[in-house]
Asker: 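Here you go, one structure.
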Amino acid sequence: MLGETVMSPNVTDFKQLVQRFYVLQAERVEAYRLFEEGHEAYLRTGPHYDFEHYKQLVHEITQAFSGISKEVLEIKERLHQDFDRPDLSEHIEKLQIKEKQKLELTAKLQLAKQNAQDHPEDEGCQERIQEIRQDIIKNKEALSEILQDFKYDSEECE
């Protein structure tokens, strides 16, 4: 019975950690949705944009993403150190890189949309929007693939 008091990570801890990771990913998706809705509302305030309101939204979204990333990186570290799962921490590393790119692309898309709204005569603006949308689609496909690999590898040991 003495061996049971040793605090070593177990399967339940592992499953809870993986579950928390999925919750954080869902929170990220929700934050993107709010970011998009906020930007659409911001564009409707043009041509005299309500920048202060939008700046506050960007600040809140940035804080949300930062908090999510911090916790995801802690999970990554625990998976590697506590559970000896460098494969899973590597998936999270790749995911973090793609999430950073997605955020950058989202910001570029928002700027391009505002530019197109401010310069409706410039046909290049619409082309730029379409290019960025294509990049976002590719990014989302890569994210989905990484999440699939993570899911497959994390369920492998059950």
Side-chain angles (χ1 to χ4, degrees), residues 15-80 85-158:
K15 285 181 179 177
Q16 286 175 338
L17 201 60
V18 167
Q19 196 54 45
R20 181 63 188 149
F21 169 72
Y22 288 127
V23 167
L24 290 166
Q25 279 304 109
E27 286 178 12
R28 239 181 222 174
V29 169
E30 178 65 9
Y32 273 111
R33 191 184 63 74
L34 293 172
F35 197 24
E36 285 299 311
E37 284 178 6
H39 187 256
E40 294 300 323
Y42 169 70
L43 287 180
R44 287 193 294 274
T45 66
H48 306 291
Y49 296 102
D50 180 2
F51 186 69
E52 284 308 308
H53 195 82
Y54 180 66
K55 194 167 88 173
Q56 181 61 33
L57 170 75
V58 170
H59 174 71
E60 290 169 13
I61 294 294
T62 301
Q63 281 188 316
F65 280 129
S66 178
I68 291 166
S69 279
K70 185 174 182 271
E71 196 173 341
V72 166
L73 291 172
E74 288 167 6
I75 290 171
K76 172 185 168 258
E77 198 58 35
R78 283 204 60 206
L79 286 170
H80 193 85
R85 292 300 303 267
D87 58 331
L88 296 181
S89 66
E90 192 177 309
H91 292 319
I92 291 178
E93 179 71 28
K94 289 178 186 172
L95 186 89
Q96 287 293 101
I97 291 166
K98 288 294 174 191
E99 286 289 357
K100 184 176 186 285
Q101 289 173 350
K102 182 179 175 184
L103 190 54
E104 290 166 358
L105 287 168
T106 300
K108 278 185 188 173
L109 180 61
Q110 290 182 355
L111 285 171
K113 283 179 175 180
Q114 182 176 343
N115 210 9
Q117 183 169 305
D118 292 343
H119 306 283
E121 73 287 349
D122 186 347
E123 292 170 18
C125 290
Q126 289 304 322
E127 288 174 24
R128 182 78 184 118
I129 288 171
Q130 289 311 315
E131 286 171 15
I132 297 168
R133 282 192 172 136
Q134 285 304 311
D135 289 344
I136 289 173
I137 289 168
K138 288 177 193 159
N139 176 277
K140 286 181 177 178
E141 287 169 353
L143 279 167
S144 183
E145 202 172 291
I146 294 165
L147 283 169
Q148 277 300 110
D149 290 345
F150 181 89
K151 184 178 190 308
Y152 177 80
D153 289 345
S154 66
E155 291 173 351
E156 197 176 63
C157 66
E158 288 181 11

Asker: Taking atom types as modelled, find out whether E52 and Q56 have a side-chain donor-acceptor pair closer than 3.5 angstrom.
Answerer: no
Asker: Check whether R20 reaches the backbone of E71 with its side chain - one donor and one acceptor, N or O, closer than 3.5 Å.
Answerer: no
Asker: So which heavy atom on A116 is nearest to which on I129, and how close?
Answerer: CB-CD1, 3.7 Å
Asker: Is there a donor-acceptor contact under 3.5 Å from the side chain of S144 to the main chain of E141?
Answerer: no
Asker: Is it the case that the side chain of S66 and the backbone of T62 share a donor-acceptor pair, with hydrogens and angles ignored and the cut-off at 3.5 Å?
Answerer: no
Asker: Could you check whether atom CD of E145 has more than 12 heavy atoms from other residues, nucleotides or ligands sitting under 6.0 Å from it?
Answerer: no
Asker: Carefully, step by step, assess K108 and E104 under the rule side chain to side chain contact (heavy atoms under 4.5 Å, CB included).
Answerer: CA-CA 6 Å; K108 278 185 188 173; E104 290 166 358; 5.6 Å; no
Asker: CG of L105 to CD of E131: how many Å apart, nearest 0.5 Å?
Answerer: 12.0 Å
Asker: Given salt bridge (charged side-chain N to carboxylate O under 4.0 Å, His left out), test R78 with E74 step by step and report yes or no.
Answerer: CA-CA 6 Å; R78 283 204 60 206; E74 288 167 6; over 6 Å; no
Asker: Write down the atom of C125, the atom of H119, and the distance for their closest heavy-atom approach.
Answerer: SG-O, 4.4 Å
Asker: Looking only at side-chain N and O atoms, does Q101 offer a donor or acceptor that is under 3.5 Å from a partner on K98?
Answerer: yes
Asker: So, taking the atom named NZ in K15 and the one named CD in E155, what distance separates them when rounded to the nearest 0.5 Å?
Answerer: 10.0 Å
Asker: Rounded to the nearest 0.5 Å, what separates atom CZ in F35 from atom CZ in R28?
Answerer: 14.5 Å
Asker: Which heavy atom of G38 sits nearest to which heavy atom of L57, and what is that distance?
Answerer: CA-CD2, 3.4 Å
Asker: Please step through salt bridge (charged side-chain N to carboxylate O under 4.0 Å, His left out) for the pair E36 and R33, ending with a clear verdict.
Answerer: CA-CA 5 Å; E36 285 299 311; R33 191 184 63 74; over 6 Å; no
Asker: Between H39 and Q110, is there a donor-acceptor pair closer than 3.5 Å when you use the side chain of the first and the backbone of the second?
Answerer: yes
Asker: If only atom types and distance count, is the side chain of T45 paired as donor or acceptor with the main-chain N or O of Y42 below 3.5 Å?
Answerer: yes
Asker: Do V58 and F51 come within less than 4.5 Å of each other through their side chains, counting heavy atoms only?
Answerer: no
Asker: Evaluate the side-chain proximity of R85 to D153: yes if any heavy-atom separation is below 4.5 Å, no if none is.
Answerer: yes
Asker: Find the distance between CG (L111) and OG1 (T106) and round it off to the nearest 0.5 Å.
Answerer: 11.0 Å
Asker: Rounded to the nearest 0.5 Å, how far does CD1 of I97 lie from CG of L143?
Answerer: 11.0 Å
Asker: Looking at K94 and E90, is any side-chain nitrogen of the basic one under 4.0 Å from a carboxylate oxygen of the acidic one?
Answerer: yes
Asker: We want to know whether Y49 and Q117 form a side-chain donor-acceptor pair, criterion being a heavy-atom distance below 3.5 angstrom.
Answerer: yes
Asker: Could you walk me through whether E37 and L34 pass the side chain to side chain contact (heavy atoms under 4.5 Å, CB included) check?
Answerer: CA-CA 5 Å; E37 284 178 6; L34 293 172; 4.2 Å; yes
Asker: Got a second to check how far Q96's CD is from I68's CD1, nearest 0.5 Å?
Answerer: 10.0 Å
Asker: Please give me the minimum heavy-atom distance between R133 and L109, naming the atom from each residue.
Answerer: CG-CD1, 4.1 Å
Asker: Hey, mind stepping through R128 and N115 against side chain to side chain contact (heavy atoms under 4.5 Å, CB included) and telling me if it holds?
Answerer: CA-CA 10 Å; R128 182 78 184 118; N115 210 9; over 6 Å; no
Asker: Could you walk me through whether I61 and Y32 satisfy the side chain to side chain contact (heavy atoms under 4.5 Å, CB included) test, starting with their C-alpha distance in whole Å, then the side-chain angles of each, then the deciding distance to 0.1 Å, before giving a yes or no?
Answerer: CA-CA 8 Å; I61 294 294; Y32 273 111; over 6 Å; no
